[in-house]
Amino acid sequence: MPRRVLMLGWEFPPFITGGLGTACYGLVKAMDRAGMRTTFVLPKSVPSGTVEGAPKVSLVSPASELPEMRPEFEAPPAETGGVATERPRSEESVQRVVEIVREMRSRFRNVSFVDLPVDVASVYKEQEAVWSRVVEELDVDERRIETLVRAGAFGDPTRIDDASALQTAMPERDPAAATMGSRDASSSDYSGDMVGQAHAYAGFCLEVAKRTDFDVVHAHDWLTYPAGLAVSRLTGKPLVVHVHSTEFDRSGEHVNQQLYNIERRGMHGAMKVVAVSQLTKNTCVARYGVADSKVEVVYNGVEFDPVERGVPVIENKDKIVLYFGRITMQKGPEYFVQAAKRVLDVMEDVKFVVAGSGDLASNMIEMAAEMGIGHKVLFTGFLRGNDIKRVFGLADLYVMPSVSEPFGIAPLEAMSHDVPALISKSSGVSEVLTHALKVDFWDVEEMANKIVAVLRRPPLRKALRDNGRFEVRALTWDGAAIRCGQVYDSVLEPRSEEHTS
């Protein structure tokens with residue numbers, strides 16, 4: 001098993017926006033335990049605003065150690081329109097985050113971090129940048145990348161090797177499509193000139209690669225594929241790309257052609273493609289023309305610690321059904337509201353909690369109000385810290401109605417907190433869970449029927465809870481790290497044979 005991995009990612013705790021950051025954290029932590037040496041390269045302005053546990057599904061890291069930015073889980077004030085909002089961060093809280101970043105990173109024995117001075121924008125529209133302020137307080141490997149801040153450190157046409165590598169990695173940029181801000185908000189979670197930022201990130205990664213010893217490049221999702229391709233071309237080291245989501249998952253059939261091209265080039269330019277589920281592998285093969293034999297499925301995992309898992313459940317006469325994640329087209333929020341209406345037609349003592357934020361949040365609120373169930377649906381906004389444990393402690397059932405979910409870590413988190421899960425069949429996680437209820441996302445009648453069954457039948461709820469707790473123990477990041485190690489071996493073996501021949 002190779003011991004040196006150059007891993008390229010766009011986010012890492014304590015600043016994460018969802019499944020991608022959560023997955024990077026869990027995988028790197030497990031690789032560290034397995035003894036693999038990893039250099040993790042990320043931009044300094046990782047999406048923002050959030051201390052871990054915050055905006056969407058940042059669940060894995062020790063969120064309880066982060067400073068509380070608002071009171072414990074409670075209904076948002078009426079003046080905010082029923083949506084929880086951010087409070088300004090004090091200098092004291094920023095310093096506290098700096099301490100947490102340092103402390104979290106000190107736990108890794110075999111992992112080093114390179115925070116690149118790339119002034120990227122937030123990935124998600126509703127977030128504000130704070131990471132740059134934190135990075136200023138950190139001594140982030142300045143000695144290792146001292147030349148990066150010089151003018152022309154990336155994309156310098158006089159540097160033939162770098163220019164050639166970048167040109168190969170990046171498809172020609174269409175000026176009309178260079179900014180994604182003009183796209184319909186419902187079609188993507190991303191905003192700003194992310195393609196340009198990915199280009200800048202790739203240039204800096206070339207400089208990091210020259211100063212780092214590694215055996216294999218591991219790039220997560222499209223934002224880092226150009227960097228992975230450029231580094232692989234420059235150094236001759238094999239590239240493995242990790243597909244957590246595709247443009248078809250984010251945008252349906254109305255894909256952004258430029259992003260599709262980047263994804264396709266990354267998959268075809270890599271020696272191996274890691275997909276988070278068989279569902280995602282099928283998309284890579286059918287939609288991107290990648291050979292079936294080239295794609296390996298490595299399921300995500302969950303950090304399961306019974307001692308750290310929960311907090312005392314607050315007594316409440318109402319049953320609580322939880323939606324936890326981004327409120328975007330991909331996650332199917334409208335189906336959750338439609339199912340909620342049908343449940344409330346036959347049950348009075350139910351509340352539906354929507355924990356998350358996104359570009360469809362307002363639509364979801366309006367939809368609930370128009371259906372006359374606005375008083376039964378609580379929108380918390382994104383949660384952080386102990387609020388995450390608290391909301392799981394309140395929940396009787398977690399529902400994931402995703403239209404397209406390459407994997408879906410949140411159900412594993414719910415089940416690890418003893419919360420039964422009802423999940424969409426259009427998800428990768430449905431391939432590995434047997435003790436979760438499953439439903440077609442569009443079948444709101446069946447979704448409602450299963451919600452009612454769980455809430456009304458304690459024996460069913462107990463069976464799902466007990467069996468689910470046992471099942472998630474087998475779905476670990478350590479297993480995912482072992483599988484990734486096997487993928488690394490497969491791309492390195494041909495090179496070993498070349499040296500011996």
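Worth knowing before you read on, the calculation uses all heavy atoms, side chains too, and leaves out hydrogens, waters and symmetry mates.
- Looking at S232, its side chain never comes within 3.5 Å of a backbone N or O of P238 through a donor-acceptor pair.
- Qualifying side-chain contact (heavy atoms from CB on, under 4.5 Å) partners for R287, counting only residues two or more places apart in sequence or in other chains: F248, E253, T283.
- In this structure, the ring-ring contact (aromatic ring centres under 6.0 Å, His included) partners of F441, at least two apart in sequence or on a different chain, are Y335.
- When the ring-ring contact (aromatic ring centres under 6.0 Å, His included) test is applied to Y299, no partner is found at least two apart in sequence or on another chain.
- To the nearest 0.5 angstrom, M364 atom CE is 12.5 Å from D359 atom CG.
- By the ring-ring contact (aromatic ring centres under 6.0 Å, His included) test, F336 pairs with Y323, F352, sequence neighbours left out.
- Distance alone, capped at 3.5 Å, is enough to place a donor-acceptor pair between the R483 side chain and the V297 backbone.
- The shortest non-hydrogen separation linking V295 to K281 is O-NZ, 3.2 Å.
- Judged by distance alone, with hydrogens and angles left aside, the side-chain atoms of T224 form a donor-acceptor pair with the main-chain N or O of H220 at under 3.5 Å.
- A291 meets the side-chain contact (heavy atoms from CB on, under 4.5 Å) test with S293, K294; sequence neighbours excluded.
- Using a 4.5 Å cut-off on side-chain heavy atoms (C-beta onward), V391 and T380 make no contact.
- With hydrogens and angles ignored, the 3.5 Å screen pairs a side-chain donor or acceptor of H417 with a backbone N or O of E413.
- Closest of all the heavy-atom pairs between F407 and V276 is CD1-O, 3.1 Å.
- Side-chain atoms of E247 do not come within 3.5 Å of backbone N or O of V255 as any donor-acceptor pair.
- The distance from atom SG of C24 to atom CG of D221, rounded to the nearest 0.5 Å, is 8.5 Å.
- How far CG of L8 is from CG of L223: 11.5 Å, rounded to the nearest 0.5 Å.
- E334 pairs by the side chain to side chain donor-acceptor pair (under 3.5 Å) definition with nothing, not counting sequence neighbours.
- The CG atom of N110 sits 13.0 Å away from atom CZ of R4, with the distance rounded to the nearest 0.5 Å.
- Between H218 and L27 there is a side-chain heavy-atom pair separated by less than 4.5 Å.
- Under the side chain to side chain contact (heavy atoms under 4.5 Å, CB included) rule, P411 has a single partner from V429, V399, V432, which is V429.
- With sequence neighbours left out, D249 forms a side chain to side chain donor-acceptor pair (under 3.5 Å) with T246, S404.
- The minimum heavy-atom distance between M267 and V241, with the atom names listed, is CA-CG2, 4.1 Å.
- Taking each heavy atom of S402 and S426 in turn, the nearest pair found is O-CB, 4.1 Å.
- Counting heavy atoms from C-beta outward, W10 and Y201 have side chains that approach closer than 4.5 Å.
- Judged as a side-chain contact (heavy atoms from CB on, under 4.5 Å), and not counting sequence neighbours, the contacts of S430 are I423, S427, K438.
- Proximity of R250 to S245: side-chain heavy atoms (C-beta onward) are separated by under 4.5 Å at one or more points.
- Between the side chain of N300 and the backbone N or O of A23 there is no donor-acceptor pair closer than 3.5 Å.
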Side chain to side chain contact (heavy atoms under 4.5 Å, CB included) between L239 and V231, worked out:
CA-CA 8 Å; L239 170 65; V231 169; over 6 Å; no
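- Checking side-chain atoms of R211 against main-chain N and O of E207 turns up a donor-acceptor pair under 3.5 Å.
- Formation of a donor-acceptor pair under 3.5 Å by the W477 side chain with backbone atoms of G301 is found in this model.
- Partners of D440 under the side-chain contact (heavy atoms from CB on, under 4.5 Å) rule, at least two apart in sequence or in another chain, are K425, W442, D443.
- Looking at M31 and M7, their side chains come closer than 4.5 Å, going by heavy atoms from C-beta outward.
- In this view, E431 satisfies the salt bridge (charged side-chain N to carboxylate O under 4.0 Å, His left out) rule with no residue, not counting sequence neighbours.
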Chi angles and distances behind the side chain to side chain contact (heavy atoms under 4.5 Å, CB included) call for L42, E11
CA-CA 6 Å; L42 72 163; E11 55 182 84; 5.8 Å; no
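- Checked against side chain to side chain donor-acceptor pair (under 3.5 Å), N282 has the following partners two or more places apart in sequence or in another chain: Q278.
- In this structure, the side chains of M329 and V403 stay at 4.5 Å or more apart for every pair of heavy atoms.
- Between F324 and A410, the shortest heavy-atom contact is O-CB, 4.2 Å.
- In this structure, Y488 and V5 have side chains that are in contact, with non-hydrogen atoms separated by less than 4.5 Å.
- Take R264 and apply the salt bridge (charged side-chain N to carboxylate O under 4.0 Å, His left out) test, not counting sequence neighbours, and it matches no residue.
- Remark: T328 OG1 to N363 CG distance equals 12.0 Å, nearest 0.5 Å.
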Determine, step by step, whether E405 and K331 satisfy the salt bridge (Lys or Arg N to Asp or Glu O under 4.0 Å) criterion, reporting the C-alpha distance in whole Å, the side-chain angles of both residues, the deciding distance to 0.1 Å, and the verdict.
CA-CA 7 Å; E405 190 72 55; K331 303 296 182 180; 2.9 Å; yes
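- When side chains are defined from C-beta on, T38 does not count as touching F108, because their heavy atoms never get closer than 4.5 Å.
- The CE atom of M36 sits 11.5 Å away from atom CG of D215, with the distance rounded to the nearest 0.5 Å.
- Note on ring orientation: taking the six-membered ring where Trp is involved, the planes of Y288 and Y260 are parallel (angle under 30°, cut-offs 30° and 60°).
- The two residues G269 and L229 come nearest to each other via the heavy atoms CA-CD2, 3.7 Å.
- Between the side chain of T280 and the backbone N or O of A275, no donor-acceptor pair lies under 3.5 Å.
- Side chain of D32 to backbone of R109: a donor-acceptor contact under 3.5 angstrom is found.
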